[in-house]
Amino acid sequence: MKLTKSFYERSNVVTIAKELLGKQLVSKVDGKISAGIIVETEAYSWKERGCHAFGGKKTNRNEVMFAAGGCGYVYLCYGMYNLFNVVTNTKDKAEAVLIRAIEPRVGIELMRERRKSKHDRHLTSGPGKLTQALSITRKHNGTWLQDDDIWIETGDTVARKQIVTAKRIGIDYAGEDADLPWRFYLRDNVWVSKK
DNA sequence: TAGAGGATTGAT
DNA sequence: TCAATCCTCTAC
């Protein structure tokens with residue numbers, strides 16, 4: 001069952017990031033379905049420097065973050081990798097959850113083709129990898145998660161004690177905000193990206 | 001309009 | 001440890 005708009009429109013992005021663990025991310029591209037369980041997320045808010053929309057600054061790139069919760073925000077990182085975020089909160093309150101890793105469940109053969117990687121372990125264990133495996137690109141920026149292109153549905157039940165809290169990755173430039181414990185992942189899950 | 005740098009990855 | 005690689009933003 002797809003998550004409803006009211007799930008995304010809540011005001012606490014950190015809570016949403018935690019609750020997304022165990023949910024299933026699904027993509028349907030060219031009529032082909034592939035999906036996996038979300039095992040790692042990070043929260044971002046306009047209130048802190050790690051966020052593209054820090055201070056409420058709107059640009060062409062991050063415009064989608066200012067839409068109401070329930071949109072996909074896809075952008076290019078390092079000129080090579082598409083990163084997939086879920087926009088949360090209400091209109092003009094720019095917050096989002098970065099999906100950093102998933103555990104493959106549906107269309108694994110499809111993912112192998114798209115990734116061209118011999119080791120399944122590397123299929124979706126990182127933000128740039130999972131978008132490749134699910135064939136998510138910048139064309140999906142602004143995609144409505146109630147539609148039939150990309151969506152998130154209920155998946156596994158996650159016990160509170162399975163959730164590990166940590167600092168976010170790769171945002172050293174954010175100063176003290178880089179220390180915010182806004183990264184969440186499932187304990188002992190092999191699909192979590194490692195550092 | 002030019003130039004610097006980034007929410008990464010995989011190979012060395 | 002480092003290069004690949006190109007879009008985005010800032011400053012001139």
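In what follows, every chain begins at residue 1, and chains take the letters A, B, ... in the order their sequences are listed. Just so you know, these numbers use all the heavy atoms, side chains as well, and skip hydrogens, waters and symmetry mates.
- Close to C:dC9, at under 4.0 Å from its OP1 or OP2, lies no side-chain N or O of A:K57.
- Counting any heavy atom pair closer than 4.0 Å across all strands shown, A:R100 reaches sugar-phosphate atoms only and no base atom.
- Just one residue in the list A:N12, A:V13, A:L20 forms a side chain to side chain contact (heavy atoms under 4.5 Å, CB included) with A:T88, and that residue is A:V13.
- In this structure, A:N141 atom CG and C:dC7 atom P are separated by 14 Å, rounded to whole Å.
- Residue A:K23 places its NZ atom among more than 12 non-hydrogen atoms of other residues, nucleotides or ligands, all under 6.0 Å distant.
- Using the Watson-Crick or G-U wobble rule with both distances under 3.5 Å, B:dA7 pairs with nothing in any strand shown.
- Contact annotation for A:G50: base contact, defined as any heavy-atom pair under 4.0 Å involving a base atom.
- Each of A:Y73 and A:Q132 was assigned the nucleotide of DNA chain B with the nearest heavy atom; the assignment lying further toward the 5' end belongs to A:Y73.
- At whole-Å resolution of the value, OH in A:Y81 and C1' in B:dG5 are 17 Å apart.
- Comparing B:dG10, B:dT8, C:dC9 by their closest approach to the side chain of A:K129 singles out B:dG10.
- Residues A:T59 and A:G79 both approach DNA chain C. Their nearest nucleotides, taken by heavy-atom distance, put A:G79 toward the 5′ side.
- Residue A:L83 contributes atom CG, which lies 13 Å from atom C1' of C:dC7 at whole-angstrom precision.
- Among the atoms of the strands shown, only primed sugar atoms or phosphate atoms (P, OP1, OP2) are found under 4.0 Å from some heavy atom of A:L76.
- At a cut-off of 3.5 Å, with distance as the only test, a side-chain donor of A:E95 or A:S45 sits close to an acceptor on the other residue.
- Judged by Watson-Crick or G-U wobble contacts below 3.5 Å, the nucleotide C:dT10 has B:dA2 as its partner.
- Rounded to an integer number of Å, the gap from CD1 of A:I169 to P of B:dT9 is 9 Å.
- For the pairing with A:H52, the ring-ring contact (aromatic ring centres under 6.0 Å, His included) check across A:F66, A:Y173, A:Y75 returns one residue only, A:Y75.
- Where A:M80 and A:R138 each meet DNA chain C at their nearest nucleotide, the meeting point lying more 5' is that of A:M80.
- OP1 or OP2 of B:dG6 has not a single side-chain nitrogen or oxygen of A:R61 nearer than 4.0 Å.
- Separation of the P atoms belonging to B:dA2 and C:dT5 is 22 Å when rounded to the nearest angstrom.
- In this structure, A:K5 places its NZ atom where more than 12 heavy-atom neighbours from other residues, nucleotides or ligands lie under 6.0 Å away.
- Between A:H122 and the phosphate of B:dG10, there is no side-chain N or O to OP1/OP2 separation shorter than 4.0 Å.
- Within the structure, every side-chain polar atom (N or O) of A:R49 is placed at least 4.0 Å from both OP1 and OP2 of B:dA7.
- In this structure, CD of A:E40 is placed 11 Å from C1' of B:dA7, rounded to the nearest angstrom.
- The distance between atom OH of A:Y78 and atom C1' of C:dA4, rounded to the nearest whole Å, is 13 Å.
- Between the side chains of A:Q132 and A:R115, a donor-acceptor pair is found at a separation under 3.5 Å.
- In this entry the distance linking OH of A:Y75 with P of C:dC9 reads 12 Å, nearest Å.
- Residue A:Y173 places at least one side-chain N or O closer than 4.0 Å to OP1 or OP2 of B:dA7.
- Distance, A:L130 CG to B:dA7 P: 17 Å, rounded to whole Å.
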